[in-house]
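Only one structure is covered here, and it is reproduced in the block below.
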There are 2 protein chains.
Amino acid sequence: MPLADMSSLSPTARVILGLLRFAPRTGYGIKQATDRSTRFFWGASYGQIYPELRRLEAAGLVESHEEPRGKVPRRVYRLTDAGRHKFESWLSEPDDQYEVRDEGLLRLFFGEAMPREHLEELVRRRREWYQGAAALFRGIGEAIGPIEAEDPSGHVLRYGIELMEWNADWWERLERELS
Amino acid sequence: MPLADMSSLSPTARVILGLLRFAPRTGYGIKQATDRSTRFFWGASYGQIYPELRRLEAAGLVESHEEPRGKVPRRVYRLTDAGRHKFESWLSEPDDQYEVRDEGLLRLFFGEAMPREHLEELVRRRREWYQGAAALFRGIGEAIGPIEAEDPSGHVLRYGIELMEWNADWWERLERELS
DNA sequence: TAGGCCATGTAAAAAGTTACATGATTTT
DNA sequence: AAAATCATGTAACTTTTTACATGGCCTA
């Protein structure tokens with residue numbers, strides 16, 4: 001029985017539904033999974049996850065049952081058929097607009113006027129971040145991975161790895177140019 | 001006289017201040033400038049720009065004067081010294097976290113399960129978007145550019161062009177693989 | 001036994017989007 | 001004469017962040 005207005009899914013709702021497709025999880029588990037996977041293009045905080053799970057349940061897109069560990073209350077959520085269907089119809093929608101928000105790039109865009117040492121620092125950090133991201137993406141490809149990636153040769157994963165590597169390279173080159 | 005709490009700048013405030021560094025502008029002009037430049041990593045809507053300009057003025061970071069065109073009221077904003085200083089100290093802050101939000105990637109991340117024809121469509125659109133973005137960035141490099149780019153050989157612009165080209169290539173390759 | 005991890009949540013604030021409303025000026 | 005562009009704004013809503021609060025379980 002859909003009670004809440006879920007005619008359109010918020011990005012966070014989509015992350016949640018998408019992760020639950022692979023396995024049932026607790027709110028906490030969803031947070032861990034996003035931190036290890038989607039955080040590179042869409043993060044989520046507890047302040048969104050828990051309320052969103054309740055909204056999704058009210059709309060009949062997920063269902064939950066209690067599964068305590070000793071005295072620790074614990075609620076495991078899983079996708080309903082309606083939820084799976086809703087998610088898949090979102091996937092099928094045309095998406096015309098790719099909106100990207102990248103505060104680091106914003107800073108760099110205006111940063112040409114920065115003192116040299118700050119610029120070098122910024123470039124170094126950015127390079128390190130991309131190296132970490134590349135390593136993480138490669139790790140997902142090798143291990144079972146937090147998202148239980150069905151197909152380790154999947155396009156997206158490859159895109160992720162290659163994009164992060166390209167970036168790590170680019171920033172490393174700039175770093176060398178500057179020094 | 002700073003009246004509003006501007007101890008920390010919102011991203012939109014930073015875009016505004018950053019653009020005003022090059023030239024005084026109206027709210028409308030700021031919107032045009034973002035649409036042609038920062039929109040690829042940070043967009044802004046009128047609903048943010050006009051109220052933010054008033055907050056910035058209340059805080060003494062920008063100042064404005066009326067400059068009507070005929071009967072059309074028109075208010076031109078420019079940076080104050082305090083605003084310039086504030087912006088430059090933001091540039092100098094260390095930034096540890098690069099948070100990126102990319103809804104298109106989110107979709108693709110989960111999209112492996114998509115019906116083939118939807119996937120192809122998505123890939124095609126994405127390729128086209130990147131080709132457009134690459135063209136636009138190259139255009140900025142050639143023309144004076146809406147942001148009055150001081151140095152057309154600047155790192156960021158080069159980064160933008162090369163990133164968009166890399167992406168256009170990547171998605172084109174995937175498109176061919178799929179067909 | 002202490003520190004880290006698992007686990008759930010809320011309240012307030014901040015940030016951003018969307019839809020609406022209005023009208024002059026400039027270009028085709 | 002029509003269409004595009006310049007120009008300013010608001011109200012309601014949605015989305016996200018941040019800071020707080022609590023406490024059991026596991027392992028070194």
Side-chain angles (χ1 to χ4, degrees), chain A residues 4-16 24-36 38-39 41-57 59 62 64-77 96-97 99-103 106 146, chain B residues 4-16 24-36 38-39 41-57 59 62 64-77 96-97 99-103 106 146:
Chain A
D5 176 23
M6 281 283 158
S7 48
S8 70
L9 263 21
S10 73
T12 299
R14 303 200 268 249
V15 173
I16 291 175
R25 284 173 198 281
T26 63
Y28 182 85
I30 288 170
K31 170 73 169 141
Q32 307 315 301
T34 59
D35 282 350
R36 289 199 266 159
T38 65
R39 118 176 114 96
F41 38 88
W42 207 281
S45 65
Y46 292 122
Q48 291 165 266
I49 292 171
Y50 286 111
E52 189 70 53
L53 280 169
R54 260 177 272 118
R55 279 192 291 272
L56 290 168
E57 184 155 40
V62 304
S64 68
H65 64 280
E66 281 175 36
E67 215 172 279
R69 290 265 205 270
K71 280 174 196 156
V72 178
R74 203 160 156 276
R75 182 169 285 274
V76 179
Y77 290 85
D96 296 312
Q97 52 201 44
E99 279 195 29
V100 175
R101 293 209 172 267
D102 185 330
E103 229 191 291
L106 181 63
Chain B
D5 177 23
M6 281 281 157
S7 50
S8 70
L9 263 19
S10 73
T12 299
R14 304 200 267 250
V15 173
I16 292 175
R25 282 176 199 278
T26 63
Y28 182 85
I30 288 169
K31 169 73 170 141
Q32 307 315 301
T34 59
D35 282 349
R36 290 200 265 159
T38 65
R39 120 175 111 95
F41 39 89
W42 207 281
S45 64
Y46 291 122
Q48 290 166 267
I49 292 171
Y50 285 111
E52 190 69 54
L53 279 170
R54 259 176 272 118
R55 279 192 291 271
L56 290 168
E57 184 155 39
V62 303
S64 67
H65 65 280
E66 280 174 36
E67 213 172 280
R69 289 264 205 271
K71 280 173 194 156
V72 177
R74 203 159 155 275
R75 182 169 287 274
V76 179
Y77 289 85
D96 296 312
Q97 51 203 44
E99 280 196 28
V100 175
R101 293 210 173 268
D102 185 330
E103 230 191 290
L106 181 63

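Within every chain, numbering begins at 1; the chains are lettered A, B, ... in the order of the sequence lines, protein sequences first and strands thereafter.
- Closest heavy-atom contact between A:Leu56 and A:Ala13: CD2-CB, 4.1 Å.
- Heavy-atom minimum distance, A:Val62 versus A:Leu53: CG2-O, 3.9 Å.
- Listed nucleotides C:dT8, D:dT17, D:dA7 differ in distance to B:Tyr50; the shortest reach to its side chain belongs to D:dA7.
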Requested in this report: Evaluate the side-chain contact (heavy atoms from CB on, under 4.5 Å) criterion for residues B:Thr34 and B:Arg39: first the C-alpha distance (whole Å), next the side-chain angles of each, then the deciding distance (0.1 Å), finally the verdict.
Outcome: CA-CA 5 Å; B:Thr34 59; B:Arg39 120 175 111 95; 5.5 Å; no
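- In this structure, the CD atom of A:Glu99 is 12 Å from the P atom of D:dT16, given to the nearest Å.
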Query raised in the report: Reading nucleotides 22-27 of chain D from the 5' end, what letters show protein touch, with B for base, S for backbone sugar-phosphate only, - for no heavy atom under 4.0 Å?
Result: --SS--
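- Atom-to-atom, CD of B:Glu67 to C1' of D:dC6 comes out at 14 Å; the value is rounded to the nearest Å.
- Where the helix from C:dT1-D:dA28 to C:dT28-D:dA1 starts and where it ends, the local axes point in directions that differ by 50°; five pairs per end, rounded to 10°.
- Separating the NE2 atom of B:His65 from the C1' atom of D:dA7 is a distance of 15 Å, rounded to the nearest angstrom.
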Which pairs would a plain distance check flag for residues 69-77 of chain B, meaning a side-chain donor or acceptor within less than 3.5 Å of a matching protein atom at least two apart in sequence or in another chain?
unit_1: B:Arg74; atom_1: NH1; unit_2: B:Glu67; atom_2: O; d: 3.2
unit_1: B:Arg75; atom_1: NH1; unit_2: B:Ser64; atom_2: OG; d: 2.8
unit_1: B:Arg75; atom_1: NH2; unit_2: B:Glu66; atom_2: OE2; d: 3.0

Identify each atom pair where a protein N or O and an N or O of nucleotides 11-15 of chain D are less than 3.5 Å apart, giving names and distance.
none

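- In this model, the phosphate group of D:dT17 is not approached by any side-chain N or O of A:Arg101 to a distance below 4.0 Å at OP1 or OP2.
- Counting to the nearest Å, the P atom of C:dA15 and the CZ atom of B:Arg14 are 9 Å from each other.
- Put simply, CD on A:Glu52 and OG on A:Ser45 are 11.0 Å apart, with the number rounded to the nearest 0.5 Å.
- Rounded to the nearest 0.5 Å, atoms CD (A:Glu99) and CG (B:Asp102) are 10.5 Å apart.
- The side chain of A:Arg54 places an N or O atom within less than 4.0 Å of a non-bridging phosphate oxygen (OP1 or OP2) of C:dT10.
- With rounding to whole Å, A:Lys31 atom NZ is found 17 Å from C:dT10 atom P.
- A:Tyr28 meets the ring pair (Phe, Tyr, Trp, His ring centres under 6.0 Å) test with no other residue; sequence neighbours excluded.
- Checking side-chain atoms of A:Lys31 against main-chain N and O of A:Ala44 turns up a donor-acceptor pair under 3.5 Å.
- In terms of the side-chain contact (heavy atoms from CB on, under 4.5 Å) criterion, residue partners of A:Pro11 (sequence neighbours excluded) are, by chain and number, A:Arg14, A:Trp42, B:Glu103.
- Nucleotide C:dT10 holds its C1' atom 19 Å from the OH atom of A:Tyr28, rounded to whole Å.
- For A:Arg74 and C:dT8, the CZ to C1' distance is 12 Å, given to the nearest whole Å.
- One can place OH of A:Tyr46 at 15 Å from P of D:dT18, the figure rounded to the nearest angstrom.
- Under the side-chain contact (heavy atoms from CB on, under 4.5 Å) criterion, A:Arg54 pairs with A:Tyr50, not counting sequence neighbours.
- For A:Thr12, the side-chain hydrogen bond (donor to acceptor under 3.5 Å, both in side chains) partners at least two apart in sequence or on another chain are A:Gln48.
- Within 4.0 Å (heavy atoms only), A:Thr26 reaches sugar-phosphate atoms of the nucleic acid but no base atom.
- Atom CZ of A:Arg55 and atom CG of A:Leu9 lie 11.0 Å apart (nearest 0.5 Å).
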